[in-house]
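Structure record follows, encoded as structure tokens.
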Amino acid sequence: MSAPAPRPPGAVRVVHAADVHLDSPLRGLRRLGDDAVAATLRAATRGALERLVALCEDSGADALLLAGDLYDGTWHDYATGRFFTRQVQRLADSGVRVFVVSGNHDAESQITHSLTLPPNVHRLSVDAPETVVEEHLGLAVHGQGYRTRAVSANLAAGYPGRVPGVVNVGLLHATVDGSQGEHERYAPCSVTDLTALGYEYVALGHVHAREVLAEGATTVAYSGNLQGRHPRETGAKGAYVVDLVPGERARLDFHALDVARWESLDVDVTGAADVAEVAGALHREMLGAREAAGDRPVVVRARLHGPTAAAAALADTERLRQEAEQAAEAAGVVLEKVESRARPPRAGGGDDPELLEAVRRAAQALAGDPALTQHVRGVRNDVGRLLKEADLLDLGDPRALRALAERAAEDLTTRLAGGR
Amino acid sequence: MLRHVRLAPYGAFEAAEIALGPGLTVVVGPNESGKSTLLAAVEDLLFGFEKSPRYAFAHARARLRVHARWDDGSGARELVRSSRGLLAGDGDEPVPAPWAQDGWDRTAWAQRLGLDHERLRAGGRLVLRGAGDLAALVFTAHHGSGAQELLESLDAEAEGLWRPRGRSVLKDHLAAVEGLDAELARTAVRAGEVEAARAALEAAREASERALERWRAERARHEAAEVRVRLAPRVRTALRERARSAELAAELADAGGALGAAAVDAHAAAVAARDASADALVVLEQRAQRLSADRARCTVEEDVLAAGEELDALLQARQARAQDADEAAAARRAAAEALRQARAALTELGPVPEGALEEVVPAVLARLRVPADRAADLSARAAACADADAELARARDDLAAARTAAARSAVTAEVAEDDAALLRELVGAAEREGSALRAWRTALAERDARTAAARAAAVAVGAVDPDAAVLEQPALDDALVRQRHAALLAAGAELELAVAGRERCERAARAAEAELAEASSGAGGAGEEELEAARAARDAALEPVRAGAALDDAAAGALLAAVARADDAADALLEHAEAAARLRQLRREAERAAAEERDAIAAEQAARHAAERARAARDELFTAAGVRPCAQDPSPALAALAQLGAERAAAAAADGRARELRADADAQLERLTVVLERCGRTGAADAGLEPALETARAVLAAAATAAEERARSTERERTAQEAAERCAHRAEDAERAARAFTAAAVAAGLPDGLGPQGWAARARTLQVAVERADAAGAELARALAREERAGAFAAAVADVAARLGVACEAGRAESVGAALSALAERLRTSRADAGTAAALERQLAEVADERDRERARGDAAEAQLAALRGDGEELPALAERAARSAGLLAARAAEEAELAALAAEVGDRDAVARLLREVGSRTDADLRTDAEQLAAAAEAAHEAWAQAREAVGRAETELERLTSGADANVLAARRAEALAELHAATERYVQVDLQRTVLRRQLEEFSAARENPLLVEAGRVLAVLTAGRWTGLSAVDDGGSRRLAVRRGDGEVLEGVEGLSEGTADQVFLALRLAAIAAEHRRLVDAGRGPLPVVLDDVLMTFDEPRTGAALAALAELARDVQVVLLTHHADVAERAAGLAGDGHDVTVTRLPAPPSAGDLAAGAAAPARAARPSRGTGADPQLVRAWARGQGLPVADRGRVSEQLVLDYLAAHDLS
């Protein structure tokens, strides 16, 4: 964690974070052991929150702004709230005010309702936009939280005008037009809606990718989430330290606070003679990711591509995973998933070309087979409900099965065309 | 194409030529005529000789030659295969082979194109089980093996991942997730439960409030009862006044001088008011006392309530501050430990004064610190000292090693240089090529080898005593033996003819006897006497007729019967006569056959005697020569006898040469003996030349060693001297470095005697102490920061506690905690009692107001009485007048006044009326009982309120329990991991299952849609070979096992070879092989490479005539494209093949030239034939064993190890065991 810059004279300093999703486990990790890395990964969101509190203390922040989704809606363990209370108590001891708006996940969280928070924490109203003026700080915070999960109204439209003579900050959990990523569209609004408020800064939550949407008299930004939680949330995650002077442009300084990092590697294995060479290339890429992430654990998803004589062996996914896990262990990273899109350099093997062609056609036709859902009925009876409830795989969904069938077809033809 | 082969020499052949046609060539030769040799020769021609060729038993490998004429369509060329490679026929230069070499070797050709019957059958049996070279073509040619293997692999993986029943990877993962779910359910505290607990607490508090209200109501009822008890006398008074008013009314009517009503009323009212006021004051006083008692039971502490918010904040921060205190304590412990470590380090450098470590350690560190520049200088000088000492130690080690080496002086025997030179000359002469000694040894070795060969030949001859036969040649006349053997063969033939004749005669005699016996069994029947008796009976019956007597019925019947019997007897006699004639004929034939049989037996006996005589005559020749008679053809024995002679002669010649060379060797020994004795080795030559030479070599080696040792000793002494000089220099260097360090140490004020090593240790120890002291400082600072925060918290608690009168020592955490807990409890209690106290105080205020009012009313009554008094009239007089004059009014007024007073007491007139009724209807005892019961009810309500307060306490405890449970986040993370495993395994299973489904379906469809072309071709050939009785072949490949199926003409399909006859199985094998050969040929041609010849050795040996004919037709058909050579020992096969030429086939028939006899070999042994390698441990020649075994009809392979049992049988047959 880099050291915060000195605070400009007369500025109000706030730390903007969002989407903590406290105690929400990292997704997709398999077979973690019981070592220190595993412990770090299992408590990653807590570790990131501790770093956030430390950042507030070290930077001498006046206030912490949490722009929604502090918890996961379905997670109900009271200890999670207690942990949060301890952290904000630390901030209370340091004299840091905390402003929170509830997001869509918080709206249905039992934890939100069961906590008694220290007096430095102010949870903004869910019924109407609320303004809190901290005269001694010269700061006015405007915001409204979610009463229910699905808020379709433009909350920003109801935010009040600026309070004169102080720094005005808006706090909002919303989908702003033009933002990145695929998120459910809640409290939709436009950048214009937000800049029209005339605040110095609008701290947004909901979108997990960090992004500054507007800069100028009003700066509008998503801080992104505090800790990447699945393979698509790659790169550094953290919070903004924002220095604000009334009527002046906000100054943002991003600080990475994630305790574990996700990386996605595209590895070109063109020309690799065998699996050992592929493993070597994979190892080199993993080492690169390891070095870029500093001293924090790195979770890697790797995808291999390019023509290689080893393509058939790589299409054996169990073998591929074993090789990749060995490379990951040697490189000091954690493997989430590895998949091969490598293809044989040319058709080969001892099988009849007509047979290969027939298998290829039949395999490709698999995806269009209307009986796919019937085909997996047996295994669906055993594990289908659990996987569907976990939002991992719906064995009754023809689209999901079609994707699996396409992948199966590709691997099968690759293994056959490569000789095995 | 191979057109001509000449074996010259090769195997047993010196020069054998075989011409081959372009199509089918049938080479005929009897057993042991060299067919296998020809097959091996073609193999060697194509791929070169092995290191130890099988057929180098008569000629050494280097002499073997296979000449060939190769025609590749553009012209013929002569080639020779020799041990140096393939040579052009007209030169000595190696040339490249014109036939395919790429992908072919000896083994491949022998398996696929150069087959004998055993290999054909072995390959066929393998393919029926799905193995061998053919299986690769039969089972994989049309789709390859990869898909099938992949399918098996996918099946195994899918079964492991999931199956409907039994354990599987998916089910294991599922169980893991469910287990974690259960653990989560046990561990995780639902925030909703916390919320519910809070709600329960609120409900308990509300219930407590309600209980309080109930208690208040009961208490009011109780107070009302108390009022009734209290007012009962007055009520009864009122009632009595009412009665008295009636009495006074009568008296007033009599007295009449009453005061006015107003005055009386006023007087009575005043008196009543005055009395009521007094009574009310008493009641109010009692009530006030009870309320005050209740109020006193409420523990409302205003100061605690005032500090409520402050206490709430302190309770909120309590947990965080406790954590600070723990961290501070840990930091202090760490600091103390660091200081102890620092002190321990410093103690190593000298005494450390007692005292607080945080003061002592820095002081000692400051005292011991050496300025950095001086420390660096000292370290450098200490390092220089260490280097110098190390150099000195190395120099001393070198010196010691050099002196030890120099001290080792080798004491070696001296040998004069002249003697050494002479010895070298003698030894060299003895070892040179061509020397007498070496020639003598060679002659001896040759003699021994020849003797051994002669003995082997003697064994082969069958000598009773092989050693004696080596010493003396058995006198066996070759011509006489052959002559008598021919006679024996002729006698044997005669005997066979005689036996056949005897058997024929025996069969004829048995047949005649059987016929005779059959005829005899049917003979017999009526004789002539019987006929005569019948005729006599008939005549007797006719006599009465002849006599003219009349016949009665009985006589007529008897006559007719007698006539019929006579006729039957006559007919039977006629038939018997014919049978008797045939029987006689048969008897004669039987007798003739018996006579012929006897003659044949005699002839057989004569032939047998003649054969025995011939065998005895022949065997006598062997026995006389000391040789065992041979059972069959004597040619091998005679050939071995010739070889025995040759070997004996060669051994004798070698022995003669050895004797001649012995003299020269003895002269060398004599010279050697003289020189060795000069060298002190007396008697070394007594044992002979070899030990003497060995001794001479040892003396020479010792002399050379001694010279080398002398040179090395000189070198060691020089090395030791140099090491001593270096050691002295290093000692000076070390001394200088030590002096320099000592000077620097003194200058730095270090203790005396502190050497360089001491300095280094001291510097390290100091470094450790400084590091530990710094660490202690850091931990102390951290502890102070935490303690400061905890201290501020404790001070705040102590401050509040002091204000609220609770003992609290800010410096003691347990005291602070206890105080805070006590305050929290007091705050909670005070808040709960505050409401009660407020209500009681309101009631007290009301009572006080009421008392004031009562007092005022009393005062008013007194004033009113004073106003009613007349002038001068005293109050008692007024009272008397009033009392008297009031009369009725007074009495009525008294009643009304009492009622009014009661109404004022109990609220209103209705209440007074109720009171009058209640009191009037009950006794005082009843009223007291009612009051007591209502008191008990009030007490019960109070108890209920206490229980409600306890429920509040329990709800608070439950809330505390829920809000301090263990964290479940790690369990949730583990569950996510288990789910990820399940997810990945499920996806994998679905993919693998889909893959195997597709692959299996396609393989099945593919196999069903396409027949293997090789099997189609083999089926066609099989149909030709079996004349349509078997029509096709198909491959069965169910994933687990592969088998070949044969389809019969009637459509039935047999899997494997079990259901086939041996001949049919061989036809299947041949069909498969011929189809494979055709396919191989097509591949070679397609690849533009020269074709390879096909050589088949006796592959039709199990075929009967029809099968042979069909097979020849198939071979001739194949030979249209491929050159085929068929080796056979059946002349009729050749004749049948020749017959095919007329059908348009290109057929050549040739005979294999006979190999030379053993005698020829022996005679022509000028070229050293390579001795056949004897079978290990038995002494029997494998070639001889093979030849004997084939003669006996025993199976034996052409190559490889001969079985031990076969060798033992061979030795037993020749009495060699």
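Note that the structure is a prediction, hence the values are computed from the model and not measured. The sequence lines fix the lettering, A, B, ..., with proteins before strands; numbering per chain opens at 1.
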Part of Arg90(A) within contact of chain B (heavy atom distance under 4.5 Å): neither
Which portion of Val990(B) sits near chain A, non-hydrogen atoms under 4.5 angstrom: side chain
Chi angles and distances behind the side-chain contact (heavy atoms from CB on, under 4.5 Å) call for Leu91(A), Val53(A): CA-CA 7 Å; Leu91(A) 294 178; Val53(A) 169; 3.7 Å; yes
Trace of the salt bridge (charged side-chain N to carboxylate O under 4.0 Å, His left out) decision for Asp312(B) with Arg831(B): CA-CA 13 Å; Asp312(B) 285 341; Arg831(B) 281 175 174 165; 3.4 Å; yes
Among Thr986(B), Val992(B), Thr963(B), residue most engaged with chain A (heavy-atom pairs, under 4.5 Å): Thr963(B)
Portion of Arg86(A) that has a non-hydrogen atom of chain B nearer than 4.5 angstrom: side chain
Closest-packed option against chain B by number of heavy-atom pairs under 4.5 Å, given Val376(A), Thr116(A), Thr112(A): Thr116(A)
Gln319(B), CD: over 12 other non-hydrogen atoms inside 6.0 angstrom: no
Part of Val177(B) lying under 4.5 Å from any heavy atom of chain A: side chain
Check: Val299(A) main-chain N/O paired with Trp262(A) side-chain donor or acceptor under 3.5 Å: no
Working for side chain to side chain donor-acceptor pair (under 3.5 Å), residues Ser24(A) and Arg229(A): CA-CA 8 Å; Ser24(A) 168; Arg229(A) 291 181 302 134; 2.5 Å; yes
Residue that, paired with Glu327(B), satisfies salt bridge (Lys or Arg N to Asp or Glu O under 4.0 Å) out of Arg786(B), Arg789(B), Arg321(B): Arg786(B)
Note, Val259(A) side chain near Arg46(A) side chain (heavy atom, < 4.5 Å): no
Residue among Val998(B), Thr997(B), Leu170(B), Asp967(B) with most heavy-atom pairs under 4.5 Å to chain A: Asp967(B)
CZ/Arg163(B): more than 12 non-hydrogen atoms of other groups inside 6.0 Å: yes
Which atoms of Ala966(B) approach chain A - backbone, side chain, both or neither, heavy atom under 4.5 Å: backbone
By ring-ring contact (aromatic ring centres under 6.0 Å, His included) - contacts of His173(B) (at least two apart): none
Under 3.5 Å: donor-acceptor pair, side chain of Asp23(A), backbone of Thr45(A): no
Minimal non-hydrogen separation, Arg782(B) against Ala331(B), with atom names: NH1-CB, 3.8 Å
Chain B contacts, top residue of Gln89(A), His375(A), Arg27(A) (heavy-atom pairs, under 4.5 Å): His375(A)
Check against side-chain contact (heavy atoms from CB on, under 4.5 Å), Tyr71(A) and Val20(A): CA-CA 7 Å; Tyr71(A) 311 110; Val20(A) 178; over 6 Å; no
Spacing of CG belonging to Leu999(B) relative to OG1 belonging to Thr413(A), to within rounding of 0.5 Å: 11.0 Å
Engaged part of Arg996(B) at the chain A interface, taking heavy atoms whose separation is under 4.5 Å: neither
Test side chain to side chain donor-acceptor pair (under 3.5 Å) applied to Arg380(A) and Thr373(A), step by step: CA-CA 9 Å; Arg380(A) 187 173 65 224; Thr373(A) 50; 5.0 Å; no
Asp77(A) side chain vs Val189(B) backbone, donor-acceptor pair below 3.5 Å: yes
Residue Leu372(A) versus chain B: region with a heavy atom under 4.5 Å: side chain
Side-chain donor or acceptor of Ser109(A) paired with backbone N/O of Ile111(A) under 3.5 Å: yes
Members of residues 386-399 of chain A whose heavy atoms come closer than 4.5 Å to chain B: Leu386(A), Leu387(A), Ala390(A), Leu392(A), Leu393(A), Leu395(A)
Worked check of side chain to side chain donor-acceptor pair (under 3.5 Å) between Thr317(A) and Arg988(B): CA-CA 8 Å; Thr317(A) 53; Arg988(B) 178 66 184 152; 2.6 Å; yes
Option in Val383(A), Leu41(A), Asp382(A) with maximal non-hydrogen atom pairs under 4.5 Å from chain B: Asp382(A)
Residues of residues 970-977 of chain B within contact distance of chain A, non-hydrogen under 4.5 Å: Val970(B), Ala972(B), Ala973(B), Arg974(B), Arg975(B), Ala976(B), Glu977(B)
Contact origin within Arg190(B) toward chain A - heavy atom pairs under 4.5 Å: both
Of all pairs that satisfy ring-ring contact (aromatic ring centres under 6.0 Å, His included), the ones with a partner from residues 975-1002 of chain B, not counting sequence neighbours: Trp162(B)-Tyr989(B)
Asp93(A) versus chain B, the contacting section by heavy-atom distance below 4.5 Å: side chain
Chain B contact via Val359(A) - which portion, at a heavy-atom distance below 4.5 Å: both
Contacting moiety of Glu178(B), where chain A heavy atoms sit under 4.5 Å: neither
Chain A contact via Leu154(B) - side chain, backbone, both or neither, heavy atoms under 4.5 Å: side chain
